[in-house]
*Asks:* 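Starting off with a structure, shown below.
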Amino acid sequence: MLPWLVLLAPLVAAGVILLVTRGSRALSAWISVGAVAVSFVASVALFLGPDLRSSVDWLRFDVLEGISLAVPFGVTVDSLSKTMLLVVTGVGLLVHVYSLGYMHGDRGEARYFACLSLFMFSMLGIVLADNFVMMFIFWELVGASSYLLIGHWFERPSAAEASKKAFLMNRIGDFGFMFGILLIWGMFGTVVFADLPGGIERLIGGVDAMRLTDPVQAATLSKRLTSFLTLAVLGIFCGAVGKSAQMPLHTWLPDAMEGPTPVSALIHAATMVAAGVYMLVRVSFLLPFAPSAMTVIAWVGIITAFVAALMAVQQDDIKRVLAYSTLSQLGYMVSAVGLAASGAAMFHLFTHAFFKALLFLAAGSIIHGMHHEQDIWQMGGLKNKQVITFFTFLVGALALAGLPYLTSGFYSKDAILYAAAGKSIPIFVLGLITAFLTAFYMTRLFLAVFFGKPRSEKAKTAHESPLVMWLPLVILAVPSVIFGFPFITSAFQLDAGHHEAGAIPVPMLAALAFLLGVGNGLWIYARREHDPIRISLLARKFYFDEIYAGLVRVTQDLAARIAGFLDRYLIDGLLVRGASALTFGAGFVLRFFQVGSAQSYAMVFALGAVLLLWVALR
């Protein structure tokens, strides 16, 4: 009963708000907050209880003779989903409470909370799903609800464009996800996660048994099985590339900042972008059978982490800096999955959810106090005007940068670096450089926002946010520190992923990366009124958006122009208008024969008879 309560409470809230209470902003907001509070309490109860699985028959039909598809509507509650439920509902509850202050007075407040509840329902469905088809349905619902939230202020063209961009970029990845699901079903005849390991073992067992009688055929089948599994895993990974904004489908996530800041916090911290990593961990039992796919996953993740960190170094919008940091941290998690360190990936997802939610909500507090100014070089001197926001943002920044031994981010990032050191030195080196860049751009951001003189009238008149907004910051600051300590990780039964790193002193090197990043940031940006470093390549995000715009012009736009030409001049012009003109012309000529005179009709009849006689006698 509890899993269904966790799942359905936000859906009921969304329905009630849209159908009954939409005219009352305050009531709609509290209904949404109450629903996520119910989900959070039920999630805590599930976390403390035993594992369980509940399902009902949903779809069952024959595809072809002897081939059927059975899809249950079921939920799985195990250590993985329990951890994720706490993250989603815990952070979600704080975001809802924060939204009471941030969205107060907004014309679309009721619609906002309805969409927020729908978003929570969709994400919780992904977490609890016990099969690929059910997960894919909720996967698409997350895309639809994020479209609504990112485009909440749809009257602004930038918000409308950002929501469409997020929706379309995710559809590209989701096509690959669907392809991977179909391959899995085709190979194993099931889409239920719990049944797939047995299906893999049966196939491998059959191949092994064949080696005794026909080793050549067995070797061929083994290669085919590995190839199909590699394609399936890569297809599934495409879904994660879209949802978790990995390169090259990463460009939608920074633009998603056009939505309200609480939405940014929820998407970046605990829900949409975390869904891709969670899904990969959920199906990680497939990865050992596709080593080539694992290599691709590891490298896509670490390249995304490194390149996104470079982009963050030159961003001036406070939310975009944090957005690129999310891309970078997600890259760490994805790389860890590819390195067979799924425990380390979930550990970092868990800690990242809290300090990234803290950073985004603190950024929202800064923007609120700055009268909606987001340029960090228009800020300055806010440490004395927003004291609570200052200290909580400091905690989040240190956790993200990985303050050695005192923050959760250090321990979880350390676990991923251990995994890389034991598996791939190039990935480990890129991971260390990314850690250095993270500390560097967070120091730049922190100094520009809170120190120096106020650089604008808005900075001079900045003020602290109300209690309903700063209280979630204080609450989130606590797990941002303590959730990395060993007794916490053991309580959550998370494998830290500490692979054998040989003689590499991982914690020492990670601490050195932190110190170098902070030191260089202080040296370059202390007491600066503007950015002394301008690198166009980084500021323009390696021109990915321009490249994609060019590709659209030479592919989609060209195809549209050709289709328009064919439609206008061939189909509409020649076929439609041509046929119409021919009919009209024939009628125009024939009307001259309809003169109403019997003598004329007799003459035409005679001429016709003569013509027929002439043809017959030739």
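Model, not experiment: these values are computed from the prediction.
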*Asks:* Is a side-chain donor or acceptor of Lys413 paired with a backbone partner of Leu400 at a separation under 3.5 angstrom?
*Replies:* yes

*Asks:* I would like to know whether Ser32 and Ser117 meet side chain to side chain donor-acceptor pair (under 3.5 Å); could you show each step before the answer?
*Replies:* CA-CA 6 Å; Ser32 182; Ser117 292; 2.8 Å; yes

*Asks:* Got Trp153 and Pro260 here, is their nearest side-chain heavy-atom distance under 4.5 Å?
*Replies:* yes

*Asks:* So which atom in Gly517 and which in Thr443 form the shortest heavy-atom distance, rounded to 0.1 Å?
*Replies:* O-OG1, 4.3 Å

*Asks:* Determine whether Val127 and Val87 make a side-chain contact, defined as any pair of heavy atoms from C-beta on separated by less than 4.5 Å.
*Replies:* no

*Asks:* Between the side chains of Ser81 and Thr76, does any donor sit under 3.5 Å from an acceptor?
*Replies:* no

*Asks:* Got a donor-acceptor contact below 3.5 angstrom from the Ser328 side chain to the Tyr324 backbone?
*Replies:* no

*Asks:* Go through it in stages, so that I can follow the logic: the residues are Tyr548 and Trp252, the test is ring-ring contact (aromatic ring centres under 6.0 Å, His included), and I'd like the CA-CA distance, side-chain angles, deciding distance and then a yes or no.
*Replies:* CA-CA 12 Å; Tyr548 287 156; Trp252 69 267; over 10 Å; no

*Asks:* Using modelled atom types only, decide if a donor and an acceptor are shared between the side chain of Thr304 and the backbone of Met247 within a distance under 3.5 Å.
*Replies:* yes

*Asks:* Before we go on, tell me: are the rings of His352 and Tyr332 under 6.0 Å apart, centre to centre?
*Replies:* no

*Asks:* How close do Phe410 and Gly402 get, heavy atom to heavy atom, and via which atoms?
*Replies:* CD1-O, 3.6 Å

*Asks:* With a 3.5 Å cut-off and no angle check, do the side chains of Lys541 and Thr251 form a donor-acceptor pair?
*Replies:* no

*Asks:* Walk me through whether Leu11 and Leu7 qualify under side-chain contact (heavy atoms from CB on, under 4.5 Å).
*Replies:* CA-CA 8 Å; Leu11 178 63; Leu7 177 63; over 6 Å; no

*Asks:* Taking Gln314 for the side chain and Ile535 for the main chain, is one N or O donor matched with an acceptor at less than 3.5 Å?
*Replies:* yes

*Asks:* Cation-pi between Arg444 and Phe440: NZ/CZ under 6.0 Å from ring centre and within 45° of the ring axis?
*Replies:* no

*Asks:* Any side-chain heavy atom of His268 within less than 4.5 Å of one from Leu253?
*Replies:* yes

*Asks:* Run the side-chain contact (heavy atoms from CB on, under 4.5 Å) test on Ile547 and Phe542 for me, step by step, so that the C-alpha distance in whole Å, both residues' side-chain angles and the decisive distance to 0.1 Å come before the verdict.
*Replies:* CA-CA 9 Å; Ile547 292 171; Phe542 287 90; over 6 Å; no

*Asks:* When you look at Leu445 and Met442, which way does the side-chain contact (heavy atoms from CB on, under 4.5 Å) test go after all the steps?
*Replies:* CA-CA 5 Å; Leu445 172 64; Met442 287 309 296; 3.9 Å; yes

*Asks:* How about Asn170 and Tyr147: do any of their side-chain heavy atoms sit closer than 4.5 Å?
*Replies:* no

*Asks:* Do other residues, nucleotides or ligands put more than 12 heavy atoms under 6.0 Å from Phe175 CZ?
*Replies:* no

*Asks:* Heavy-atom distance under 4.5 Å between the side chains of Gln374 and Met257, does that happen here?
*Replies:* no

*Asks:* Determine whether Ile267 and Val273 make a side-chain contact, defined as any pair of heavy atoms from C-beta on separated by less than 4.5 Å.
*Replies:* yes

*Asks:* For the OG atom of Ser412 and the CZ atom of Phe347, what is their distance to the nearest 0.5 Å?
*Replies:* 5.5 Å

*Asks:* CZ/Phe360 to OG1/Thr261 distance, rounded to the nearest 0.5 angstrom?
*Replies:* 8.5 Å

*Asks:* Does some side-chain heavy atom of Trp470 sit less than 4.5 Å from a side-chain heavy atom of Ser365?
*Replies:* no

*Asks:* Please report the shortest heavy-atom distance between Val334 and Ile297, naming the atom on each side.
*Replies:* O-CG2, 3.4 Å

*Asks:* I'd like to check the salt bridge (charged side-chain N to carboxylate O under 4.0 Å, His left out) partners of Asp545; sequence neighbours left out, ordered by chain and number.
*Replies:* Lys165

*Asks:* May I ask you to decide if Val281's main-chain N or O and Ser284's side chain share a donor-acceptor pair within less than 3.5 Å?
*Replies:* yes

*Asks:* Please tell me whether Thr351 and Ser408 have a donor and an acceptor in their side chains that are separated by less than 3.5 angstrom.
*Replies:* no

*Asks:* Partners of His348 by ring pair (Phe, Tyr, Trp, His ring centres under 6.0 Å), sequence neighbours excluded?
*Replies:* none

*Asks:* Spell out, as yes or no, whether a donor-acceptor pair under 3.5 Å connects the side chain of Ser424 to the backbone of Ala420.
*Replies:* no

*Asks:* For Arg320, give me all partners under salt bridge (charged side-chain N to carboxylate O under 4.0 Å, His left out), at least two apart in sequence or on another chain.
*Replies:* Asp255

*Asks:* What heavy-atom pair brings Asn131 and Val192 nearest, and what distance separates the two atoms?
*Replies:* CB-CA, 3.7 Å

*Asks:* Does Lys243 reach the side chain of Asp174, with side-chain heavy atoms less than 4.5 Å apart?
*Replies:* yes

*Asks:* What do the steps show when you test His152 against Cys115 for side-chain contact (heavy atoms from CB on, under 4.5 Å), and what is the final call?
*Replies:* CA-CA 9 Å; His152 175 73; Cys115 293; over 6 Å; no

*Asks:* For a quick test of reading the model, state the closest non-hydrogen atom pair linking Leu359 to Ala397 and the distance between them.
*Replies:* CD2-N, 3.5 Å

*Asks:* I'd like to know whether Arg156 forms a salt bridge (charged side-chain N to carboxylate O under 4.0 Å, His left out) with Glu161, so could you lay out the CA-CA distance, the side-chain angles of the two residues, the decisive distance to 0.1 Å, and finally the verdict.
*Replies:* CA-CA 9 Å; Arg156 287 166 26 187; Glu161 291 297 323; over 6 Å; no

*Asks:* Could you pull out the closest heavy-atom pair between Pro472 and Leu361, with the gap in Å?
*Replies:* CB-CD1, 4.4 Å

